[in-house]
Amino acid sequence: MEPTQLAFSFIAITLLALIARWLFPVKKQLDAERVSRNFARCYPDLVQGQAIIADDGAAALLPIAANDTEVGLVTQPGDRVVCRLLVAADIAALERKDDRLHIRFHDFTYPDLDFMASGVALDTAHNLLKNLDVKATKNAA
Amino acid sequence: MPLNLPEPTVIAVPAFVLLCLAEMLYGWKTGRAHFEGKDTFTSLIMGLGSTVSGALTASIAAVGAYWIWDHLRLFDLGQAPWVFVLAFVLDDFAYYWIHRYGHRMRWMWAAHVIHHSSQHYNLSTALRQTWTGQFTPGALFKIPLIILGVHPAIILFVAGINLIYQFWVHTEAIKRMPRWFEAVMNTPSHHRVHHANNPKYLDSNYAGVFIIWDKMFGTFVPEDDAEPVRYGLVRDLGTFNPLRVAFHEWWGIIKDVWSAKTLHDKFMFLVAPPGWTPDGSRKTSDMIKEEWQARLSAERQAAE
Ligand SMILES: [Zn+2]
Ligand SMILES: [Zn+2]
C-alpha cells in the first residue's frame with residue numbers, strides 16, 4: 001500500500017466516523033436504572049448497593065453488599081456500557097482533584113478513567129476505592 | 001501454471017465504504033441501524049491496519065503455500081470453473097474450523113477477538129479485522145486444500161469472495177431472509193447470534209458462507225426474538241485505542257504465560273479456551289453458559 005493511498009484511506013475513515021458522530025450523537029447517560037441493569041447483566045450473582053454516579057453520567061461505582069474486597073464499576077466510554085468488578089490489585093493509582101477522581105487501572109483494555117464528582121460524592125467514591133480490602137486476588141485479564 | 005487472479009477484497013473496498021455510508025443514512029432515517037463515531041473510527045482503522053499487515057506478510061504466506069504446492073500436492077485439479085466452485089465450498093469448510101478454533105483456542109482468539117470487540121453491529125463491524133491473524137496456526141487448516149490439488153492462487157481468490165460475502169451479514173437492518181436462504185446460508189440473523197455476548201448465544205454460528213457446517217457440527221443456534229442480542233465481549237473493552245484493541249489479548253497471553261508456574265500451565269494459556277486459568281479464577285464461555293443454565297433452572301423451579 002502506497003503512502004498516498006494510506007493517507008487517502010485515513011481521511012476517508014475520519015470522514016465516515018465524523019458523519020457517524022453527527023448522525024448518531026450520544027444522548028444517553030448513565031442513570032441508576034441503567035447502571036443496575038447492566039451490572040446485573042455482567043455479574044448476576046452479586047447484590048448491589050447504592051450506585052455513585054459521576055456528574056457527567058459517564059461512570060458509576062457500585063458497592064457490593066457485604067463485600068469490602070470488590071467494587072462494581074459501570075462506565076459508558078461511547079454510547080454503550082462496560083462493566084468491571086474491581087479489587088484493590090486492579091487499581092494502579094488514585095489521584096484526587098477538585099472535580100474528579102483520576103483512576104489508573106492495571107488493565108490493558110481499560111487504562112484509566114476520570115470519575116467526575118465533587119463534594120460528598122467525590123469523598124464517597126474515593127473512600128470506596130481507597131478502602132478496598134486487599135485480601136482478594138487479582139482477576140483482571 | 002500462470003494464474004493471475006484479481007484480489008476481490010481490494011476491488012470491493014469502495015463498495016464497502018459506500019454501503020457503510022448508506023447503512024448510516026438508513027439507520028439515521030429509520031432507527032434500524034446504529035453507529036457511534038469513536039466505534040466506527042476504530043472499526044475502520046482496524047480494517048485499514050488489517051489490509052496493511054496482510055500486505056506486509058503476504059509474501060511469507062505465499063512462500064509457504066507454494067512450497068506445499070510444489071512438494072506435497074497429490075493432484076493438480078487445474079483451473080476449470082468446477083474447481084473454483086469446489087474450492088469455494090472446501091475453503092468455507094476450512095473457514096468454519098479456523099473460526100471455531102478462533103473462539104476456542106486462546107492463541108487464535110488473540111487475533112480474532114478484535115472482530116468481536118465492538119459493542120455495535122453494523123457494516124463497519126465487518127471491517128473490524130485482525131492485524132495478527134498470520135501469527136496464529138489458522139492458515140494450517142487450508143493446507144489440505146493445497147495437498148488436494150487446489151492452486152494457492154485459487155484458494156486466495158475464493159477466500160476473498162468468502163470475505164466479501166461476510167460483509168453484508170453484519171447488519172441489524174435485515175431481520176430475516178427467506179426461509180430457504182436462512183436454512184442454507186449464513187445470514188445477518190445467524191451472524192448477529194455469533195456476535196452476541198448473551199450466555200445463550202456464546203460459541204455458536206461460526207459459518208462464513210454456508211450455515212450448514214454449524215448445523216452439521218452442533219454449533220447452530222437460531223436467533224430468538226425473545227432474547228435480544230447484546231453485542232461485544234463477555235468482558236468488553238474500555239478503550240477505542242486501535243493499538244490496545246489490536247494487541248490486548250496478546251498482551252494478556254504474554255503476562256499469563258510469563259507468570260504461569262508450570263510448563264503445562266504456560267502451554268494451556270496458549271491452547272485452552274479463552275478464560276481458562278489453572279485455578280478457575282476467570283470464566284470460560286463453557287463456565288458462563290453452565291452458570292446461566294443453573295440460574296435458569298433455579299428460576300424455573302422457584303416459579304413452579
Ligand atoms: Zn467470531
Ligand atoms: Zn462478524
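Everything numeric in this text was worked out from a predicted model, so none of it was measured.
Between Gln119(B) and Arg80(A), the shortest heavy-atom distance links the atoms O-NH1, 3.1 Å. What you find for Gly27(B) and Phe24(A) is that their closest heavy atoms are C-CZ, 3.8 Å. Among all heavy-atom pairs drawn from Trp28(B) and Leu23(A), the shortest one is CD1-O, 3.4 Å. In this structure, Ala20(A) and Gly37(B) approach most closely via the heavy-atom pair CB-CA, 4.1 Å. Heavy-atom minimum distance, Pro77(A) versus Gly238(B): CG-CA, 4.3 Å. Shown here for Leu16(A) and Met24(B), the closest heavy-atom pair between the two residues is O-CE, 3.5 Å.
Expressed to the nearest 0.5 Å, how far CZ of Arg41(A) lies from CZ of Arg230(B) amounts to 3.5 Å. Here Arg244(B) contributes atom CZ and Asp107(A) contributes atom CG; the two are 9.0 Å apart, rounded to the nearest 0.5 Å. Remark: Leu6(A) CG to Leu48(B) CG distance equals 5.5 Å, nearest 0.5 Å. Between the CG atom of Leu237(B) and the CZ atom of Phe108(A) there is a distance of 10.5 Å, given to the nearest 0.5 Å.
Side-chain contact between Val81(A) and Asp236(B): absent, with no pair of heavy atoms (C-beta onward) separated by less than 4.5 Å. For the pair Leu18(A)/Phe41(B), no side-chain contact is recorded, criterion being any heavy-atom separation below 4.5 Å from C-beta on.
Heavy-atom pairs under 4.5 Å with chain A were tallied for Asp39(B), Val52(B), Ile45(B); the largest tally goes to Ile45(B). Between chain A and the options Thr51(B), Thr42(B), Leu21(B), the largest number of non-hydrogen pairs under 4.5 Å is found for Leu21(B).
Other residues, nucleotides and ligands contribute over 12 non-hydrogen atoms within 6.0 Å of the CD atom of Glu33(A). Within 6.0 Å of the CZ atom in Arg34(A), the count of heavy atoms belonging to other residues, nucleotides or ligands exceeds 12. Within a 6.0 Å radius of NZ in Lys28(A), other residues, nucleotides and ligands contribute 12 heavy atoms or fewer.
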Would you list the atom pairs, donor with acceptor, under 3.5 Å between side chains in residues 45-64 of chain A and any protein atom, with sequence neighbours excluded?
from: Gln48(A); atom 1: OE1; to: Ser36(A); atom 2: OG; distance (Å): 3.0
from: Gln48(A); atom 1: NE2; to: Ser36(A); atom 2: O; distance (Å): 3.0
from: Asp56(A); atom 1: OD1; to: Ala58(A); atom 2: N; distance (Å): 3.2

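Neither the backbone nor the side chain of Ala294(B) has a heavy atom closer than 4.5 Å to any heavy atom of chain A. With a 4.5 Å cut-off on non-hydrogen atoms, Pro44(A) touches chain B through its side chain but not through its backbone. Looking at Asn197(B), only its side chain comes within 4.5 Å of chain A, counting heavy atoms on both sides.
Side-chain N or O atoms of Arg84(A) include none that pairs as donor or acceptor with a backbone N or O of Arg235(B) at under 3.5 Å.
Inspection of non-hydrogen atoms places no residue of residues 93-105 of chain A under 4.5 Å from chain B.
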